[in-house]
2 protein chains.
Amino acid sequence: MKYHKIPDETIRRMPLYVRALALLEQEGQETISSRQLAERLRLNPPQIRKDLSYFGAFGTRGIGYPVISTARRIRAILRLDVPQKAVLVGAGRLGTAIAVYPGFSVFGLEIAAIIDNNPTKIGSRVGRLEIEHIAAAATLKARGIRLGLLAVPAEAAQGCADVLVQAGVKGLLNLAPCCLDVPKQVKVVSIDMAMALGVLPYYV
Amino acid sequence: MKYHKIPDETIRRMPLYVRALALLEQEGQETISSRQLAERLRLNPPQIRKDLSYFGAFGTRGIGYPVISTARRIRAILRLDVPQKAVLVGAGRLGTAIAVYPGFSVFGLEIAAIIDNNPTKIGSRVGRLEIEHIAAAATLKARGIRLGLLAVPAEAAQGCADVLVQAGVKGLLNLAPCCLDVPKQVKVVSIDMAMALGVLPYYV
DNA sequence: GTGGCTTTGTGAATGTGAGCACAAGCACAA
DNA sequence: TTGTGCTTGTGCTCACATTCACAAAGCCAC
């Protein structure tokens with residue numbers, strides 16, 4: 001399949017495959033067919049095959065996909081083969097929950113700094129990280145931090161985003177219930193928990 | 001526009017409109033045009049008009065949409081006009097962060113119970129709620145709780161989901177990084193923070 | 001080898017959503 | 001009452017995403 005633009009939806013699913021393959025590797029399974037993988041992830045086999053084929057041939061016909069090397073290739077595609085560092089802004093309850101969340105490491109993602117604007121919190125520790133003042137944003141680029149997570153109230157989110165963008169952050173995960181204005185070369189992904197919960201009553 | 005199935009994506013955006021309109025009401029604005037609303041939400045005006053028109057005519061040509069009554073009508077469509085109660089499973093860091101999160105109330109959503117399986121936590125308070133044992137799930141239906149949030153480790157999520165479904169919960173917001181098997185009349189929405197962060201390096 | 005079984009890779013078809021352009025409609029002023 | 005300006009509501013078109021169906025390709029047993 002050549003000269004094909006890769007759908008955003010495909011990219012969105014790739015981390016799913018990475019995590020599933022990492023689990024399979026742990027279980028000692030060497031290969032997996034699109035059917036088995038689809039069963040685990042509640043997807044359709046052709047979708048998985050198509051997704052993977054966008055990046056070239058991964059599998060062996062009659063056998064399936066090699067667990068280890070496929071995981072490695074997807075990680076490389078997503079740039080997750082090198083450790084990616086992120087800064088967390090907001091050391092409130094949600095922020096500290098995220099700071100100690102162990103689920104980022106499968107993807108080679110690491111919360112490498114925590115920033116808050118509350119002077120009483122500066123210097124105290126969350127896990128093995130020390131909470132820093134917002135002025136420390138200036139040092140982010142030098143520390144190789146290019147991703148940011150916003151766990152602040154909606155009113156503060158835009159201001160924090162501006163600071164991070166200024167500091168060279170290229171990707172933002174926004175957990176505040178608001179829109180962000182950023183230069184178009186900065187990618188923003190938003191998670192809005194209340195909105196996600198808010199659609200449920202419609203369906204039930 | 002008659003005999004039209006309402007797109008899921010439209011439903012997904014509805015809470016966005018509810019929140020924006022609630023804010024406008026607070027600001028004292030009486031009507032808003034699709035253009036103004038689109039500017040706030042970073043959407044296209046025709047998309048907003050189309051979304052709203054799926055449910056009938058809301059606006060006045062030449063003027064725009066009446067803030068208060070439009071908000072009320074959308075709430076009714078989403079069944080957010082009656083208070084909706086939810087049970088939170090998992091009183092860890094993420095769980096307690098969610099428990100005290102004030103952002104649910106715009107939608108008439110309320111965390112009405114917290115459940116954990118850790119005996120040392122039972123009885124202690126988070127906000128004004130007391131942490132209950134998982135056995136208390138049996139009382140959820142009687143208390144009018146039909147929604148559930150899962151803030152537990154991935155290994156525990158399916159078990160908790162089973163318990164909630166058994167207890168009559170009809171909608172689930174899953175925050176654990178895994179798939180859930182539920183009867184098809186139960187709606188599941190999943191939020192996977194690590195996955196959301198994991199796609200960023202690809203784009204930057 | 002060769003035949004049979006399994007599974008991939010992919011063009012084509014189908015389904016779903018977004019964006020545009022414009023007619024229809026309302027308010028307000030003259 | 002009529003004209004002007006603005007905004008909604010919506011059919012149509014295009015783009016994107018999912019699913020299907022099947023040929024191509026590898027493995028294994030004999």
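To find a chain, count down the sequence lines: A is the first, B the second, and so on, and within it residues start at 1.
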Aromatic contact, A:F104 with A:Y101 (centres under 6.0 Å):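 Centroid distance A:F104-A:Y101: below 6.0 Å, so yes.
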Expected output: side-chain A:E30 to main-chain A:P66 donor-acceptor under 3.5 Å: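 No; zero donor-acceptor contacts below 3.5 Å.
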Donor-acceptor contact present, side-chain A:Q47 to main-chain A:N44, <3.5 Å: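 A pair under 3.5 Å: no.
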Euclidean distance, B:I74 CD1 relative to B:Y65 OH, rounded to 0.5 Å: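 Nearest 0.5 Å value for the OH-CD1 distance: 9.5 Å.
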Strand partner of C:dT8, provided both Watson-Crick or wobble distances fall under 3.5 Å: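 Pair assignment: C:dT8 / D:dA23.
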Whole-Å distance separating the [atom1] atom of [X] from the [atom2] atom of [N]:
| X | N | atom1 | atom2 | answer |
| --- | --- | --- | --- | --- |
| A:Y54 | C:dT10 | OH | P | 11 Å |
| A:F55 | C:dT8 | CZ | P | 17 Å |
| A:L43 | D:dT19 | CG | C1' | 13 Å |
| A:R35 | D:dT19 | CZ | C1' | 17 Å |
| A:I32 | C:dT6 | CD1 | P | 18 Å |
| A:R42 | D:dT18 | CZ | P | 18 Å |

Aromatic B:F58 / basic B:R73 pairing, under 6.0 angstrom, 45° off normal: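 Yes, a cation-pi geometry holds between B:R73 and B:F58.
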Sugar-phosphate or base contact per nucleotide [nucleotides 17-26 of chain C; S, B, -; heavy atom under 4.0 Å]: SSBBB--BBB
Under-4.0 Å side-chain N/O to phosphate OP1/OP2 contact, A:Y65 with C:dG9: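 Affirmative; the distance criterion is met.
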For B:S105, all residues meeting side chain to side chain donor-acceptor pair (under 3.5 Å), sequence neighbours excluded: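 By the side chain to side chain donor-acceptor pair (under 3.5 Å) rule, B:S105 matches no residue at all.
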